[in-house]
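One structure is given below, encoded as structure tokens.
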Amino acid sequence: MRRSAASKKKSDSVTSATTDLFRSGSSKATSSKEMDRIDHLFNQYANSSSNLIDPEGIEQSYIYSLLSHCRKMKAEKQGYFTQEEWRRGLKALRADTINKLKKALPELEKEVRRQTNFADFYAYAFRYCLTEEKQKSIDIETICQLLDIVMGSTFRAQVDYFVEYLKIQNDYKVINMDQWMGFYRFCNEISFPEMTEYNPELAWPLVLDSFVEWISEKQA
């Protein structure tokens, strides 16, 4: 995939992250007719040669923004869905039409923002952006986009400062899971912008030590 196209799809998928990761599955069994409709949707948008719904098929169906991060599908590869992943996700959402998927968004947004769900959502968002085999880190540009979408509405000031820092610093080209989760911990445990509780002697990722030092210099 060309870089420009890949960047656009990655940006689009990041933008959709907050809307579609969490929803409790219904206890009602999926009827054979509902499953037939789910399979019909899959066949309508799947690539016939690969038997996968790929980024092109998803964009054509206007549901890329709804499902690109669908946790209920347990999708293993960003932007691609097998028939089993498709079935799993739509069954959990009780959605066998595109309209039902769209109507599910408000509830999904509420679910993902609940405190008991958010840490799992935050970690999953990072893992889902690991698009290559054995990949363990994500480039700074994508991390900045992901932070803005995932954390921006809850920790606006922290995200704005951290994104600014990441864009101007030269020590880190990528961010790994430990650093990603460290920022989540920072937002939840450290008052901002005072940061009086922050102790660099505790097991914080070094990128956060540098970030706090940078803020302190700006505030001096």
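None of the values given here were measured: they were computed from a predicted structure.
- Using modelled atom types, one finds no donor on one side chain facing an acceptor on the other under 3.5 Å when comparing Asn99 with Thr97.
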Open item on the list: Pair Phe118, Phe121 - check ring pair (Phe, Tyr, Trp, His ring centres under 6.0 Å), show working.
Closed with: CA-CA 5 Å; Phe118 193 77; Phe121 161 78; 5.4 Å; yes
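- A search for salt bridge (charged side-chain N to carboxylate O under 4.0 Å, His left out) contacts involving Asp39 returns Arg87, not counting sequence neighbours.
- The side-chain heavy atoms of Phe126 and Ile138, taken from C-beta on, include a pair separated by under 4.5 Å.
- Between Tyr165 and Ser210, the shortest heavy-atom contact is OH-CB, 3.0 Å.
- The heavy-atom pair separating Phe162 from Leu147 by the smallest distance is CD2-CD1, 3.6 Å.
- For Ser137 against Val174, the heavy-atom pair with the smallest separation is OG-CG2, 3.5 Å.
- Within the 4.5 Å cutoff, the side chain of Phe42 has heavy atoms near those of the Asn51 side chain.
- For the atom pair Met177 CE and Leu130 CG, the distance stands at 7.0 Å (nearest 0.5 Å).
- Applying the salt bridge (charged side-chain N to carboxylate O under 4.0 Å, His left out) criterion to Asp160, with sequence neighbours excluded, gives Arg156.
- Considering CG of Leu90 and CZ of Arg88, their distance stands at 12.0 Å, rounded to 0.5 Å.
- Interatomic distance, Lys33 NZ to Met35 CE, rounded to the nearest 0.5 Å: 15.0 Å.
- Judged by distance alone, the side chain of Gln135 and the main-chain N or O of Glu132 form a donor-acceptor pair under 3.5 Å.
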Anything under 3.5 Å between a donor and an acceptor, one on a side chain of residues 181-194, the other on a protein residue two or more places apart or in another chain? List them.
unit_1 : atom_1 : unit_2 : atom_2 : d
Arg185 : NE     : Glu189 : OE1    : 3.2
Arg185 : NH1    : Ala203 : O      : 3.4
Asn188 : ND2    : Tyr184 : O      : 2.8
Ser191 : OG     : Glu197 : OE1    : 2.8
Ser191 : OG     : Glu197 : OE2    : 3.2

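- The side-chain heavy atoms of Met195 and Gln158, taken from C-beta on, include no pair separated by under 4.5 Å.
- A donor-acceptor distance shorter than 3.5 angstrom exists from the side chain of Glu85 to the backbone of Thr82, with no hydrogens or angles considered.
- Without hydrogens or angle criteria, Gln169 side chain to Tyr172 main chain gives a donor-acceptor distance under 3.5 Å.
- Considering OG of Ser32 and CZ of Arg37, their distance stands at 9.0 Å, rounded to 0.5 Å.
- Between Ala125 and Leu146 the shortest heavy-atom distance is O-CD2, 3.8 Å.
- A distance-only check finds no donor-acceptor pair linking the side chain of Trp204 to the backbone of Tyr198 [under 3.5 Å].
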TODO: Please assess Tyr124 against Val150 for the test side-chain contact (heavy atoms from CB on, under 4.5 Å), listing each intermediate value before the final yes or no.
DONE: CA-CA 11 Å; Tyr124 179 80; Val150 176; over 6 Å; no
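- In this structure, the side chains of Met151 and Val159 come closer than 4.5 Å at one or more pairs of heavy atoms.
- For the pair Ile215 and Val212, the minimum side-chain heavy-atom distance is 4.5 Å or more.
- A salt bridge does not link Glu34 to Lys100: none of the charged nitrogens lies less than 4.0 Å from a carboxylate oxygen.
- Shown here for Leu166 and Ile140, the closest heavy-atom pair between the two residues is O-CG2, 3.8 Å.
- Residue Ala95 comes nearest to Ile38 through the heavy atom pair O-CG1, 3.9 Å, listed as atom of the first residue, atom of the second, then distance.
- For Ser153 (side chain) and Ile149 (main-chain N/O), no donor-acceptor pair under 3.5 Å exists by modelled atom type.
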